[in-house]
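Please read the structure below before turning to the comments.
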Amino acid sequence: MAKNFVLSDILRNNIKNITPYSTARDDFKGVALVNLDANENSFGSVGNGNYNRYPDPYQYELKQVVSKIKGMPIEQIFLGGSGSDEGIGLLYTAFCEPGVDNAIVCPPTYGMYGVSAEINNIKCKEVPLTEDFQLRADNVIAAMDEHTKLTWICSPNNPSGNLYDREAIRKVIEAANGIVVIDEAYIDFCPEYSWLPELDKYPNLVVLQTFSKAWGLANCRLGMMFASKEIIAVINKIKLPYNMNGMTQAYACKILSECAVQKDVLVEEILVAREKLIFDLQQLPSIKKIYPSDANFLLVKMEKAHDVYNYLVKEGIIVRDRTKVQLCDDCLRITVGTVKENELLVEKLKQF
Ligand SMILES: *Cc1c(COP(=O)(O)O)cnc(C)c1O
């Protein structure tokens, strides 16, 4: 049971004893008159900007902003400068002994859990979702063994778009001896279902979020991990020293505090466009099923999906072909576009 969870029992040994690289900027933040410690260019930067100094390795200012937005203390926040994908890799590094430990994934789901496992030589046990893309909690629990360190739960799930039943997720968290990671990349489209408010109940729970989707900042590669302060301390110990560049930090600090309302407007627009797109697609006879979505995309089952995909490519419209993915035969994953883009898509589908 999670209540007996002891972090040091499941950390890799080498990680337990590691002394992190201490960066020049850690020790004398704000007090130095002259910085001659980090082999930066003291004369300035090429170009017009001031980029010659290393950025804050722990993104303190930005974390203050994120802390306010998310209602989480800074010690429970890790920020990734390569998106939430960075967090996925770091969790393997922290908890999974290559060639020994394993993780559980529930396909069809986000591909990076498996890719990152392979990179780290970690075996992934697959426990497929049900036909309607719900978690099989009992099967997930049955697949766990003493070497299962990570269980990946993506809710809302990619590519199916739906949230999992909350009590099924809870059952898995409470039964796991290892870490359970809930990937909430799409949670801003259904924020009332986030697990963040429950984080303090479960010392083995990690929540991933991102600014890439609802906030529209995919280009910034700004990801978030939330967990107990003990887990975050471990992740901080093993992250790359300067894992987020200063331009992203400065830009995100400025706009995130100013633009929370704008995000809400974008989300609302996307949700309206999603409902319209669902309605329009339902009129097409070749559409067999549109799966319920809590996110900004739709999984759509249709006749000759693979041919439709190729046809759309020729017409300059790129969607995601999921026809070869488990439980997704004849399915395309379609991101909700602007009203115009969606209309063009529907128009082209009519002409197929
Ligand atoms: C898009 C996506 C991510 C990646 O987010 P980044 O922060 O851009 O790396 C993570 N998880 C899921 C399920 C996604 O669909």
Side-chain angles (χ1 to χ4, degrees), residues 59 62-63 66 69-70 77-93 103-117 119 124 129 133-135 150-164 169 179-191 193-196 206-227 235 239-240 243-245 248-249 251-252 255-256 263 266-267 270 274 291 293-299 318-322 325-328 331-337:
Q59 309 102 21
L62 179 53
K63 277 184 186 161
V66 173
I69 294 172
K70 297 292 176 182
I77 303 172
F78 164 81
L79 297 178
S82 307
S84 50
D85 288 350
E86 183 176 343
I88 296 172
L90 286 168
L91 287 165
Y92 279 111
T93 307
I104 293 176
V105 295
C106 303
T109 191
Y110 187 51
M112 276 310 289
Y113 316 137
V115 170
S116 201
I119 292 169
C124 262
L129 300 172
F133 302 118
Q134 284 295 329
L135 206 56
L150 297 174
T151 300
W152 297 99
I153 292 179
C154 186
S155 182
N157 186 41
N158 179 0
S160 54
N162 61 302
L163 284 158
Y164 298 149
I169 297 177
I179 300 279
V180 175
V181 189
I182 305 184
D183 185 343
E184 297 189 340
Y186 299 97
I187 203 66
D188 298 294
F189 299 103
C190 47
Y193 295 99
S194 177
W195 283 82
L196 279 191
V206 172
V207 174
L208 299 179
Q209 293 189 3
T210 180
F211 288 103
S212 293
K213 310 283 160 72
W215 291 79
L217 296 172
N219 190 286
C220 292
R221 307 305 303 120
L222 187 49
M224 293 164 272
M225 182 194 300
F226 304 94
I235 298 299
K239 77 182 189 71
L240 287 172
N243 67 315
M244 186 185 300
N245 72 65
T248 300
Q249 290 188 44
Y251 183 67
I255 58 146
L256 293 182
K263 181 264 297 173
L266 284 173
V267 166
I270 291 167
R274 182 182 76 192
Y291 289 91
S293 172
D294 300 296
N296 66 335
F297 59 88
L298 299 173
L299 189 70
I318 314 299
V319 299
R320 194 89 158 120
D321 184 0
R322 300 285 79 182
V325 172
Q326 272 190 67
L327 299 171
C328 297
C331 286
L332 302 182
R333 194 194 70 194
I334 301 173
T335 306
V336 176

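Hydrogens, waters and symmetry mates play no part in the numbers below; they use all other heavy atoms, side chains included. One-based numbering, in listed order, for ligands and for the atoms of each. Given the structure is predicted, the values throughout are model-derived calculations rather than measurements.
Relative orientation of the W152 and Y113 rings is parallel, given thresholds of 30° and 60° on the angle between their planes.
In this structure, W195 has its ring center no closer than 6.0 Å to that of Y164.
When heavy-atom distances to ligand 1 are checked against 4.0 Å, the residues falling inside are G83, S84, D85, Y110, C154, N158, D183, A185, Y186, T210, S212, K213, R221, ordered by chain and number.
Counting only distance, with no hydrogens or angles, the side chain of N243 and the backbone of L79 share a donor-acceptor pair below 3.5 Å.
Side-chain contact check for L163 versus P156: some heavy-atom pair is nearer than 4.5 Å. Side-chain contact between L62 and M244: present, with at least one pair of heavy atoms (C-beta onward) separated by less than 4.5 Å.
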Check: Are K70 and S194 close enough, and set up right, to give a side-chain contact (heavy atoms from CB on, under 4.5 Å), and what steps lead you there?
Finding: CA-CA 11 Å; K70 297 292 176 182; S194 177; over 6 Å; no
